[in-house]
Visitor: 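To start, I am sharing the structure in question, which I have written as structure tokens.
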Protein chains: 2
Amino acid sequence: MAGLAEKLSDRQRDILNFIIEFVTEEKYPPTIREIGKQVQISSTSVVNYNLKRLEEEELITRRKEKSRGLALNWGKLLTEGLIDESQLPGVAIRIPVLGAIAAGEPIQVIPSEANNADDYLEVTEAMLGDARNTDKLYALRVQGDSMIDASVMDGDVVILRHQERAENGEMVAAWLEENEETTLKYWYADGKRIRLQPANPNYNPILCDPATVHVQGKVVGVYRSI
Amino acid sequence: MAGLAEKLSDRQRDILNFIIEFVTEEKYPPTIREIGKQVQISSTSVVNYNLKRLEEEELITRRKEKSRGLALNWGKLLTEGLIDESQLPGVAIRIPVLGAIAAGEPIQVIPSEANNADDYLEVTEAMLGDARNTDKLYALRVQGDSMIDASVMDGDVVILRHQERAENGEMVAAWLEENEETTLKYWYADGKRIRLQPANPNYNPILCDPATVHVQGKVVGVYRSI
DNA sequence: TCCAAAAACGAACAAACGTGCTTTTGGGGG
DNA sequence: CCCCCAAAAGCACGTTTGTTCGTTTTTGGA
């Protein structure tokens, strides 16, 4: 394999980049003339000529006599190193909204039984710093203002990754037996006690017995739709 | 609200379904004649007529005199129950992150010059209840804890739709001349004064002269990545 | 330097495509 | 019954857009 990137002329690379940009921006492919205008080619036939080359390299697909009848071959563009992952059209991840999270109630749902949820939150991979283990992700709608200390409001949706243990510094959703409430706090194991630190520094941390704190999951993100 | 689904004629529903199917399949929108052929409409003007209706309902967007210049408003299709989540394309929309929003500084960037942003926030159309005017969307990173009264923290990303006037009850990002700061508040025009109401009821509203308040945009969403 | 292939060019053509105009159809209300 | 009007239909016009062709320029190797 001769490295396709070097085989392309500057113009062909320009054309390719413009098509990529145009498609991600406008949601449909450009016309020959729109390409020509951007890449400083006065003649439509020259654009057509280079598109034919790109088609021979199977970087694009064309449909005869159809306006805007061209499509990018994202897979090959990626394997040939002509684009990187960040340029790929973002893929949506569907996170099941398993229920609500309220002050006075534990989270009752079991994430592993997340099959027949009727409510989903669609996010993108880019929104999750770490796109692994997406099958362990679930979301909960916040009810009430009891988590205002974490700047989480009534109606917010919290995205969680299911796990039962937490590392120091992770933000977790935890059920506190003593207070009989679910809370969102930063987790610190200070010696024999667990320190739960609110995100808002104006509030005081809670110290409690590890046996009475039940981690429901790690908080990955919070979304508020206005 | 009269339930938009009933307001549509059978033909309009057919057209809509075909566009959805076509876009999902071909990755670009159909032409008027391609629609007509499928929906058994001999006249292009009838298709055009119904497309105009669909545009009035803000279910689609059209670009004048551009071939295949139509786009679906997935967000509204979803909220109106015309499609379900499974039909949503796994495609993300990219919102340019134009800069930061901090207490002591006005927002300096002009959304219309949002071309060469190097930072993007990828979201899904489902996250925006109303996916119109996606080109007017932009995002800002929050610096500092000055907006804690709106439960917006340092590091949060605020998604905005550019507009210079606000309706009562809308949450806006506004520059206050008197205080020399940008703030996120609910907008109420009470007589001759503007009342800016914090989202957190524990804080007090601000009353100010309309001439000294500059709306930067309507807040559409807030995302916090942990 | 010369030559042939590749690339670029300009113009013209034809198909595709959006738009506007006029006419017809089909109820619903006065 | 007539009138009104949304909806549909057919058609034609002008623009957009893809294609083709003859020619010129550039490129690279003999």
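Residue numbers begin at 1 in each chain, while the letters A, B, ... track the order of the sequences. Owing to the predicted nature of the structure, the values given are computational and were not obtained by experimental measurement.
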Visitor: For D/dT17, take OP1 and OP2 only and decide whether either is under 4.0 Å from a side-chain N or O of A/Arg68.
Guide: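 Checking A/Arg68 against D/dT17: at least one side-chain N or O falls below 4.0 Å of OP1 or OP2.
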Visitor: Could you tell me whether B/Arg62 contacts a base, only the sugar-phosphate backbone, or nothing, with contacts defined as non-hydrogen atoms closer than 4.0 Å?
Guide: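 Sugar-phosphate contact only - B/Arg62 comes under 4.0 Å of backbone atoms but never of a base.
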Visitor: Calculate the interatomic distance between B/Arg33 atom CZ and D/dT17 atom C1'; express it in whole Å.
Guide: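 To the nearest whole Å, that distance equals 13 Å.
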Visitor: For B/Gln12 and D/dA6, what is the distance between atoms CD and C1' respectively, to the nearest whole Å?
Guide: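 Interatomic distance, CD of B/Gln12 to C1' of D/dA6: 11 Å.
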Visitor: Would you kindly give the CG-to-P distance between A/Leu70 and C/dA16, to the nearest whole Å?
Guide: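 Taking atom P of C/dA16 as the reference, CG of A/Leu70 is at 17 Å.
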Visitor: From NZ of B/Lys7 over to P of D/dA6, roughly how many Å is that when rounded to an integer?
Guide: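 One finds 13 Å between P of D/dA6 and NZ of B/Lys7, rounded.
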Visitor: Quick one: is A/Asn50 getting a side-chain N or O under 4.0 Å of the C/dA7 phosphate, OP1 or OP2?
Guide: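 Indeed not, no polar side-chain atom of A/Asn50 lies that close.
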Visitor: I need the CD-C1' distance between A/Glu65 and C/dC17, as an integer number of Å.
Guide: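 In whole Å, C/dC17 C1' and A/Glu65 CD are 14 Å from each other.
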Visitor: For D/dA7, does either OP1 or OP2 sit under 4.0 Å from a side-chain N or O belonging to B/Arg53?
Guide: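 For D/dA7, OP1/OP2 do have a side-chain N/O of B/Arg53 under 4.0 Å.
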Visitor: Given C/dT19, C/dC17, C/dA6, which nucleotide is nearest the side-chain atoms of B/Thr31?
Guide: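 Per side-chain heavy atoms of B/Thr31, the pick is C/dC17.
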Visitor: Check the surroundings of atom CD in B/Glu25: do more than 12 heavy atoms from other residues, nucleotides or ligands lie under 6.0 Å from it?
Guide: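 Result for CD/B/Glu25: open.
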Visitor: Answer yes or no: does a side-chain N or O of B/Asn48 lie under 4.0 Å from OP1 or OP2 of C/dT19?
Guide: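 It does, given that an N or O in the side chain of B/Asn48 lies less than 4.0 Å from OP1 or OP2 of C/dT19.
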Visitor: Taking OP1 and OP2 of D/dA8, is either one under 4.0 Å from a side-chain nitrogen or oxygen of B/Tyr49?
Guide: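 No, because none of the side-chain N or O atoms of B/Tyr49 sits under 4.0 Å from OP1 or OP2 of D/dA8.
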Visitor: Report the distance from atom CD of B/Gln40 to atom P of D/dA9, rounded to the nearest whole Å.
Guide: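 Answer to the nearest Å: 11 Å.
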Visitor: Would the number of heavy atoms belonging to other residues, nucleotides or ligands and lying under 6.0 Å from CD of A/Glu55 be above 12?
Guide: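 Counting other residues, nucleotides and ligands, CD of A/Glu55 exceeds 12 neighbours.
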Visitor: In whole angstrom, give the distance that lies between atom CG of A/Leu51 and atom C1' of C/dA8.
Guide: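 From A/Leu51 CG to C/dA8 C1': 14 Å.
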Visitor: Please determine if a side-chain N or O atom of A/Thr44 lies less than 4.0 Å away from the OP1 or OP2 oxygen of D/dG18.
Guide: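 No, no such contact exists.
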Visitor: With a distance cut-off below 6.0 Å to the six-membered ring centre and an angular limit of 45° from the axis, does B/Arg94 pair with B/Tyr120 as a cation-pi contact?
Guide: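 Relative to the ring axis of B/Tyr120, which defines the angle, B/Arg94 lies inside both limits.
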Visitor: When you match A/Arg11 and B/Ile32 each to their closest nucleotide on DNA chain C, which lands nearer the 5' end?
Guide: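 Comparing both residues, the 5'-ward one is A/Arg11.
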Visitor: Using a distance-only test with no angle check, is there a side-chain donor-acceptor pair under 3.5 angstrom linking B/Glu57 and B/Gln12?
Guide: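 No - no donor-acceptor pair under 3.5 Å links their side chains.
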Visitor: Hydrogens and angles aside, do B/Gln163 and B/Arg161 bring a side-chain donor and acceptor to less than 3.5 Å of each other?
Guide: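 Absent: no donor and acceptor within the cut-off.
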Visitor: Measure NZ/B/Lys52 against C1'/C/dG18 and give the value in whole Å, please.
Guide: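 For the pair B/Lys52 NZ and C/dG18 C1', the rounded distance is 11 Å.
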Visitor: If you pin A/Ser43 and B/Ser45 to their nearest nucleotides in DNA chain D, which one's is more 5'?
Guide: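 Of the two residues, B/Ser45 wins.
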Visitor: Taking only the side-chain heavy atoms of B/Ser42 (C-beta and beyond), determine which of C/dA7, D/dA9, D/dA8 contains the nearest atom.
Guide: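 Nearest to the side-chain atoms of B/Ser42, counting from C-beta on, is D/dA9.
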